[in-house]
Structures are given as C-alpha cells and as structure tokens.
Amino acid sequence: MNSPSAGSRSVWMTTVLPKFPILQEKLETDVCVIGGGIAGLTAAYLLSREGRSVVLIDAAEIGCGETGRTTAHFFPPDNRYFEIEDAFGAENARLVAESFQQATALVETIVEQEGIDCEFERLNGYLFSLNPEGNADLDREFEAARKAGVEIGKKGQVPDVSFITGPCLEFRNQAQFHPLKYLGGLIEAFRRKGGSIYTRTRALDISRCGTALKVITESGSIVAHAVVVATNTPFNDDVVMHTKQAAYRTYVVGIRVPKGSVPRILLWDNGDPYHYIRLTTPDDKSEEEILVVGGADHKVGQDEHPVHRYDEIEAWVRKRYPMAGPVDFKWSGQVMEPADGIGYMGRNPMDDKNVYVITGDSGNGMTHCTAGAMVVTDLIMGRDNAWQDLYDPARKPIHGMPEFLQELGNTVMQYADWVKGGDVESPAQIQPGKGAILRQGGRKLAVYRDDNGVLHAFSAACTHMGCVVSWNAAETSWDCPCHGSRFSVSGEVLHGPAVMPLEAAQVDP
C-alpha cells in the first residue's frame, strides 16, 4: 500500500489492495461516496445492493486511512451503557446496543454471503478494573447493559489470562476480523454490482448543481443526487461538526507471543489510561501470534514526542504477559470523540437533505461505521431508521455540555501558540529526520530536515482554520492541535478536515 505518510505501519498493512485510477473526467451518478474506509465502502456496497449507481472516491489509496490503523474489534461502545442511560435514557441505551449488535451481525452476513476471507470470528469480550474503585462502575454497567438487551454476565476473574484481573463483565458474542482483507472483499462485491472507484482523488468541495450536488475534485467532478462524506471527520463543514467532537491519537503495539499462550478473547479495562487487547495470527502455519494492545490516547497535536506512549504500553503488557516476545509492530490511529459520547451518522446539519456524514466513532470504528452506513443507506432510500434521531448529526451536545465546553476551551487555547516563540531559534538546530516550528519575523514555519540534510519549510498555519501545527515525532507528520488535520513532511494532507496542503515557504539564511 502506498501512503504519503512516512510514519508507522500496522499489522494489517502487509495486505495489498487493488489500485484504482485518478478521476480525470466529469461523471454523473446516483450517489457519490467520499472515503474508502469501512464507512465509505460499506455505504457504497449497501447502496449498490439497492440498485443505486455509486461512485466512490478516496484522497489516497483504499484502506490507507484509519481503517488500516484500527485494532478491528467489535465490542461495546466506548462510553459505558450506564453513562448512555444517564444522559439519553434507557430506551436510547437500548437503541445503541441494538445498533452495535445489528452492525456486527451485518458484517458477519456480508462475510458469509460474499465469501470474504477476512478472519472474522465471534469472541467473548471482558471488561475489567485493575483497582477496587472501578468495581462499582462494573456493577452499574452490568445492570445498564442487561437492561439495554446486551448478552452479559459477571465473573470473578477473566478466564485463562496470565494475571489477576479481579471481577469482570463478560460481553458475549462480540467479534474481530482483519480490516483490510474485509475491505478487499467489499471492493470485489461492490464492483460486481456495478460500482466505480477512483483513488488519489481528493474531494475539495460540494456545491449545488441544479437539483443535484456537484463534488469538485482536483482533476474531475461528479454530479450526484446524494453525497456521503465518510472521511473520519467531515471536510465539508468548517465549524459546526468540529465543535461537537475532538480528535485523539491512540497507540498500538503488536507483540509476538507463543501460539495458544493467550486466550482468544477481547479484553479492555476501565483505567485511565485504558487498554484494549486482542490476538491476531500472521498465518495458519505460524507457531506464534501477535498480541495487539492499544491505549495511551491524547489529543492530536498535543504531544510532540509521543514515542514514550509505545514504551508505556509495552511495559504494561510485559508486566502482565510474561510470555511476551519481541515487539513487531507499533502504530497509531485517529479517533474522533463526540462531546456527548454518541457518534454522528445521518444528514449533515449545514447542508440540505442530500449530504450525509458518518463520524464520531469514539474508538469503535468498525461497529460504528457499519451502523452509520446502515443509517445513511436507509435515509437515501427514503426509509426511516430506528437510530436516525439518536445519532442525528444536527443534535445539540446538551448531554455532554461540560465536555463540550472543555474541548472548546482547549481548542481556543491552541491559537495562543501564534504569540509564543518557536521550538528552535535556528534551522541549524533541526537534526536530520526531525521537524520543528521556527519563528521567522511575524511568521511561524513548520520546518523538516530530511535524511540528506535538505530543509522542507511550510507555513505553520493549518489550512483548515489557521491553528499552528505541531511536530509529531512518532508519525513524522505535522498535526493540528485544534481540529485534528494532519500533514506529511512534504505538506500534503494526511487527515482532514483540511483539504489544501500546507503553504510552501522559504527559510531565511
């Protein structure tokens, strides 16, 4: 897989997906889907199955975004059911549980019907606490989840693990899979149904075109009756959706363990920082497996040297899994956290009824994005969906107002970086393979020195809303601490909402 990022690579990225052409013409279709991850491809597949003509475009290659950086688990929402019940009521907690169950079931059905070999398997998941203070939350979660219709049980210890967990909750019949192999199967199924795919085709704008919509790209355009924006965070909305959610980086290590030494379960805790765990097998003949462990989240652009987070996860693992061997993989991914704890899927609040968004995955991208594709498909087909009001992107964040105000205040504070000094006083202080912010007169520059000693300089202003970008040493990228946009060392957009690259600049001698 080709990606403009020089950063980390996940355990899934050895899987090669098909390449597609760049859009260089004008097309007309029923639906244009923007984004080639699980949200976009699932929506495209479901709509093509309904007989709609669909064109899907992606700014990079299929699977190069956050789907390729997930841990690919299907387990309960990141917010606890008792928190959802407290905020939204018992009936809406039941709807959340229903949406997660049906989304997982849909993936299983697609795998079976389309014959996709993607290592999908049903597993039990266990939530535990490493301190007694967290046990009360387990009791509250048990009652709320049971009331919501979740198949759940209590145990005194997670079975067959190599450390003492104490009391835990058993969420039965959860799942996991290989995300890029699944995308590969969706691609084949979508194309069999007449779907078209174009990659290295960045959507720049969505405008009206008579009674239809026009998606403008760098070298072509698509006129469609409906547009689905499935780009992890919407690029077509400068403000509204970005005040309702915040971008976080999450970190993952893949550690070799002897085959059979770790139970095939899903595992997560309620700590701060928290951890989430699963297994994957490199191949059937391997005598070893990869223990995939994630956590150590932080807001995007607000830790310039996050490599220590990998070390902290590794230390946590080795303390509890004495059989753990070498670390084979380290990677990070981007998670959009909604202010009130519930994702957004449906009509975009700033457009007419023909533009749809899927965002706010809160660490449950595989489940949430599948549910989002189901909601969007129903709305485009003119059907009501039982979850559409709950997940409506236009809703006010009244249930998460303290979190909303806290995140908004954090974002506003980032603009103070314009009056601060740079990270370095001279480009001579920037070592090969490193980047730093340099103040030059009234400007701030994002300056990277490559391994040959050549400087690459850009305006440090994020092209979304002008926040000062920050160096990310773990991913070798420039990250925006305000709304989560990310740029490569050559200035290209890696992650929205920005659509334009960083402005090239010159460093004064």
Side-chain angles (χ1 to χ4, degrees), residues 18 20 23 27-58 62-63 65 67 99 102-114 116 182-199 201 203 206 209 211-215 217 221-232 234-236 343-348 351-359 361 365-388 391-393:
F20 296 95
L23 178 64
L27 298 178
E28 293 188 11
T29 187
D30 292 335
V31 184
C32 175
V33 176
I34 305 171
I38 187 170
L41 268 168
T42 305
Y45 167 80
L46 293 178
L47 287 162
S48 66
R49 201 168 68 174
E50 297 272 5
R52 295 297 174 100
S53 61
V54 183
V55 174
L56 181 145
I57 61 174
D58 192 277
I62 299 298
T67 298
S99 69
Q102 291 192 21
T104 307
L106 175 63
V107 171
E108 185 173 32
T109 299
I110 292 172
V111 168
E112 293 173 353
Q113 290 180 345
E114 302 293 350
I116 302 175
Y182 181 66
L183 287 193
L186 278 183
I187 288 169
E188 291 184 10
F190 172 55
R191 296 181 74 195
R192 282 198 301 268
K193 291 171 173 56
S196 300
I197 298 175
Y198 296 88
T199 57
T201 301
I206 303 171
C209 183
T211 59
L213 296 162
K214 188 175 186 179
V215 177
T217 77
S221 63
I222 302 167
V223 173
H225 298 293
V227 175
V228 180
V229 180
T231 53
N232 192 248
F235 75 94
N236 57 308
Y344 304 105
M345 50 183 88
R347 291 186 173 92
N348 188 56
D351 295 284
D352 63 34
K353 63 181 181 179
N354 295 328
V355 178
Y356 304 82
V357 297
I358 302 171
T359 189
D361 62 327
M366 302 300 96
T367 322
H368 176 271
C369 290
T370 302
M374 297 166 76
V375 171
V376 165
T377 297
D378 280 344
L379 294 178
I380 291 174
M381 296 305 299
R383 299 189 292 257
D384 287 335
N385 183 286
W387 318 322
Q388 67 187 55
Y391 291 121
D392 185 1

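Along the sequence shown, residues carry numbers from 1.
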**Fill in**
Nearest heavy-atom contact between D361 and H368 is CA-ND1, 3.7 Å
**Item:** Minimum-distance pair of heavy atoms, taken over all atoms of A43 and A373
**Value:** N-CB, 3.5 Å
**Message:** Are more than 12 heavy atoms, taken from residues, nucleotides or ligands other than E50, located less than 6.0 Å from that residue's CD atom?
**Reply:** yes
**Message:** Given I358, which partner from the list V229, T231, V376 fulfils the side-chain contact (heavy atoms from CB on, under 4.5 Å) test?
**Reply:** V376
**Message:** I197 vs F190, test: side-chain contact (heavy atoms from CB on, under 4.5 Å). Steps then yes/no.
**Reply:** CA-CA 9 Å; I197 298 175; F190 172 55; 3.6 Å; yes
**Message:** So V227 and N236, do their side chains get closer than 4.5 Å, heavy atoms only?
**Reply:** no
**Prompt:** Would you say H225 and N354 make side-chain contact, with heavy atoms under 4.5 Å?
**Reply:** no
**Request:** I would like to know whether L47 and D30 meet side-chain contact (heavy atoms from CB on, under 4.5 Å); could you show each step before the answer?
**Result:** CA-CA 10 Å; L47 287 162; D30 292 335; over 6 Å; no
**Message:** Looking at every heavy atom in both R347 and L379, which two are closest together, and how far apart are they?
**Reply:** NH1-CD2, 3.8 Å
**Item:** Partner residues of K193 under the salt bridge (charged side-chain N to carboxylate O under 4.0 Å, His left out) criterion, sequence neighbours left out
**Value:** E114
**Asked** Does the side chain of L41 reach to within under 4.5 Å of the side chain of Y45, using non-hydrogen atoms?
**Response** no
**Request:** List in chain and number order the residues that pass side-chain hydrogen bond (donor to acceptor under 3.5 Å, both in side chains) with T359, two or more places apart in sequence or in another chain; answer none if no residue qualifies.
**Result:** Q245
**Message:** So M366 and T67, do their side chains get closer than 4.5 Å, heavy atoms only?
**Reply:** yes
**Message:** Applying the side-chain contact (heavy atoms from CB on, under 4.5 Å) criterion to I57, which one of L27, T199, T201 satisfies it?
**Reply:** T201
**Request:** Check whether any side-chain heavy atom of R52 sits under 4.5 Å from a side-chain heavy atom of I380, and report yes or no.
**Result:** yes
**Message:** For S53, is there any backbone N or O sitting under 3.5 Å from a side-chain donor or acceptor partner on T29?
**Reply:** yes
**Request:** Identify, with sequence neighbours excluded, every residue that meets salt bridge (charged side-chain N to carboxylate O under 4.0 Å, His left out) alongside D378.
**Result:** R383
**Prompt:** Does some side-chain heavy atom of Y391 sit less than 4.5 Å from a side-chain heavy atom of N385?
**Reply:** no
**Prompt:** Can you tell me if T42 uses its side chain to pair, donor with acceptor, with the backbone of T370 under 3.5 Å?
**Reply:** no
**Asked** Do I34 and I206 touch side chain to side chain, with heavy atoms closer than 4.5 Å?
**Response** yes
**Asked** What's the shortest heavy-atom distance between V54 and S48, and which atoms?
**Response** CG2-N, 4.0 Å
**Item:** Point-to-point distance, once rounded to the nearest 0.5 Å, from CD1 of I222 to OH of Y198
**Value:** 8.0 Å
